[in-house]
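Atom set for the values below is all heavy atoms of this structure, side chains included, hydrogens, waters and symmetry mates excluded.
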Amino acid sequence: MAGSKEIRGKIKSVQNTRKITKAMEMVAASKMRKAQERMRTARPYAEKIRRLAANLSHANVTEFRHPFLIQKEAVKRVGLILVTTDKGLCGGLNTNILRHTVTAMKAWEGSGVEDIRVVAIGNKGLGFMQRIKANVVAQRTHLGDVPHLDQLIGPVRVLLDAYTAGEIDAVHLAYTRFINTMRQEPVIEQLLPLTGERLGAPEHAWDYLYEPDPQSVIEELLVRYIEAIVYQAVAENMASEQSARMVAMKAASDNAGNVIKELQLVYNKSRQAAITKELAEIVGGAAAV
């Protein structure tokens, strides 16, 4: 059995660790509320621009068909926007989305995809893709606690321009969707080409007057729509991150408390054994006298 001094040192160490995890839990809880508020605030804009895109995609514009709406017969080259966190200590959040991403990449390669271009948003995803020697064509890390659209436009445009130029045949988006505080779901969904499932059916069949021309209006709107989807994904991922970190730090604090109780019990037993030994020595000495 370890000595009393050694056990006291372990108890002190675990107590210090619990102070850190408790503080991180409180910080994550505060950030979580703000991240959830930003996520919910962005949802109405994303839904409104989705409706506009759905209406325009079904409008009768015979002289122009945007590349984002054209289905490719064969998909040989794929672009992937991977959204992860910059920091760790958030449970299995990044592990789950990275596992799903690797599974999807293997499935694409098995179906005949020859080239996968990755845009990494978040330091954890970037580091992982570099370790597995993936083709990372753009990156964005250190977004902070508040994402800004202008931070995301550059990396996203790399894949949008490649798709418009015909260099890739599809673009997918991987992120963690926020369900509630205790549940976050890894999601990989097709971003381009825009399908009826993504846009949905328009509520009404409308014709439009375009100024200056249909191509400029539709192109600008669809690009804004894609950017809104990516921003919403980043906002969902940040809300998921803070929720997962709060839960993970609470679990760590609870586990530290259990370890302290166990060490305290061991310490009491050790101290009791030492006292008993000393009493036995005293009694033995008195008897000898």
Side-chain angles (χ1 to χ4, degrees), residues 14 16-43 46 80-105 118-132 134 136 139-149 151-152 155-156 172-189 191 228-260:
V14 177
N16 292 337
T17 301
R18 186 172 63 170
K19 290 179 182 178
I20 296 173
T21 56
K22 195 66 179 178
M24 293 182 67
E25 176 190 347
M26 296 175 64
V27 172
S30 175
K31 291 183 177 180
M32 178 191 68
R33 288 189 289 269
K34 297 177 182 178
Q36 290 180 9
E37 182 179 354
R38 283 192 299 270
M39 175 198 66
R40 295 189 177 98
T41 302
R43 282 178 175 174
L80 173 66
I81 301 174
L82 174 61
V83 182
T84 58
T85 69
D86 283 321
K87 301 177 183 179
L89 298 176
C90 50
L93 188 77
N94 291 315
T95 302
N96 292 335
I97 187 60
L98 292 174
R99 184 185 296 117
H100 276 66
T101 300
V102 170
T103 301
M105 293 172 71
V118 179
V119 170
I121 299 176
N123 192 50
K124 293 298 182 180
L126 173 62
F128 179 81
M129 286 297 160
Q130 290 175 337
R131 285 194 297 273
I132 66 173
V136 180
Q139 58 178 285
R140 180 62 187 177
T141 59
H142 302 96
L143 293 175
D145 296 327
V146 182
H148 297 283
L149 185 58
Q151 296 175 305
L152 307 173
V156 172
H172 294 264
L173 176 63
Y175 66 100
T176 302
R177 178 183 295 158
F178 178 84
I179 306 298
N180 53 49
T181 303
M182 301 300 297
R183 182 184 171 199
Q184 300 83 37
E185 179 183 6
V187 175
I188 300 178
E189 56 188 24
L191 195 60
I229 293 176
V230 175
Y231 178 84
Q232 182 66 32
V234 173
E236 297 261 355
N237 197 82
M238 285 189 171
S240 300
E241 174 189 0
Q242 299 302 336
S243 299
R245 180 170 291 119
M246 184 193 71
V247 173
M249 292 301 100
K250 185 180 186 305
S253 299
D254 293 342
N255 290 337
N258 294 333
V259 171
I260 291 172

Looking at Gly125 and Leu98, what are the two nearest heavy atoms and their distance?
CA-CD2, 4.2 Å
Would you call Glu236-Arg38 a salt bridge at under 4.0 Å N-O?
no
Heavy-atom side-chain proximity of Val247 to Met182 below 4.5 angstrom:
yes
Any side-chain heavy-atom pair from Glu185 and Val187 closer than 4.5 angstrom?
yes
Measuring from atom CD of Gln242 to atom CG of Leu93, what distance do you get when rounded to the nearest 0.5 angstrom?
10.0 Å
Quick one: does any side-chain atom of Asn237 pair with a main-chain N or O of Thr176 as donor and acceptor, under 3.5 Å?
yes
Under 3.5 Å, is there a donor-acceptor pair between the side chain of Gln184 and the main chain of Asn180?
yes
Do Thr101 and Leu80 come within less than 4.5 Å of each other through their side chains, counting heavy atoms only?
yes
Say whether Asn96 and Arg99, considering side chains only, have a donor N or O and an acceptor N or O under 3.5 Å apart.
yes
Minimal heavy-atom distance between Ala239 and Ala35, with the atoms involved, is CA-CB, 3.8 Å
Within the 4.5 Å heavy-atom criterion, are Val146 and Lys34 side-chain neighbours or not?
no
Value for OH (Tyr175) from OG1 (Thr84), rounded to nearest 0.5 Å, stands at 14.5 Å
Output the distance between atom CZ (Arg33) and atom CE (Met246), rounded to the nearest 0.5 Å.
8.5 Å
Indicate yes or no: at least one non-hydrogen side-chain atom of His100 is less than 4.5 angstrom from one of Val102.
no
Under 3.5 Å, is there a donor-acceptor pair linking the side chains of Ser243 and Thr181?
no
Gln232 and Met39, any side-chain heavy atoms less than 4.5 Å apart:
yes
Nearest heavy-atom pair of Val118 and Ala134: which atoms, and what distance?
CG2-CB, 4.3 Å
Correct closest heavy-atom pair for Cys90 and Thr85 would be SG-OG1, 4.2 Å
Rounded to the nearest 0.5 Å, what separation is found between the CZ atom of Arg177 and the CD1 atom of Ile97?
10.5 Å
Where is the tightest heavy-atom contact between Met129 and Val136, given as atom of each residue plus distance?
CB-CG2, 3.7 Å
Pair Glu25 + Lys22, salt bridge at N-O below 4.0 Å:
yes
Value rounded to 0.5 Å, distance of CE in Met32 from OG in Ser240:
11.5 Å
Looking at His148, is its backbone amide N or carbonyl O close enough to the side chain of Gln151 to form a donor-acceptor pair, meaning the two atoms are under 3.5 Å apart?
yes
If we ignore hydrogens and angles and just use 3.5 Å, is the side chain of Asn123 paired with the main-chain N or O of Thr141 as donor and acceptor?
no
Distance (rounded to the nearest 0.5 Å) between Asn255 CG and Ile260 CD1:
11.0 Å
Restricting to non-hydrogen atoms, name the atom on Ile188 and the atom on Ala104 that form the minimum distance, rounded to 0.1 Å.
CD1-CB, 3.8 Å
Between the side chains of Arg245 and Glu241, is the shortest nitrogen-to-carboxylate-oxygen separation below 4.0 Å, so that they form an ion pair?
yes
Under 3.5 Å, side chain of Asp145 to main-chain N/O of Lys31, donor-acceptor pair present?
no
Looking at Arg183, I want to see if its CZ is surrounded by more than 12 non-hydrogen atoms of other residues, nucleotides or ligands under 6.0 Å.
no
Side chain to side chain contact (heavy atoms under 4.5 Å, CB included) with Ile81: of Val234, Leu152, Leu191, only one passes, and it is Leu191
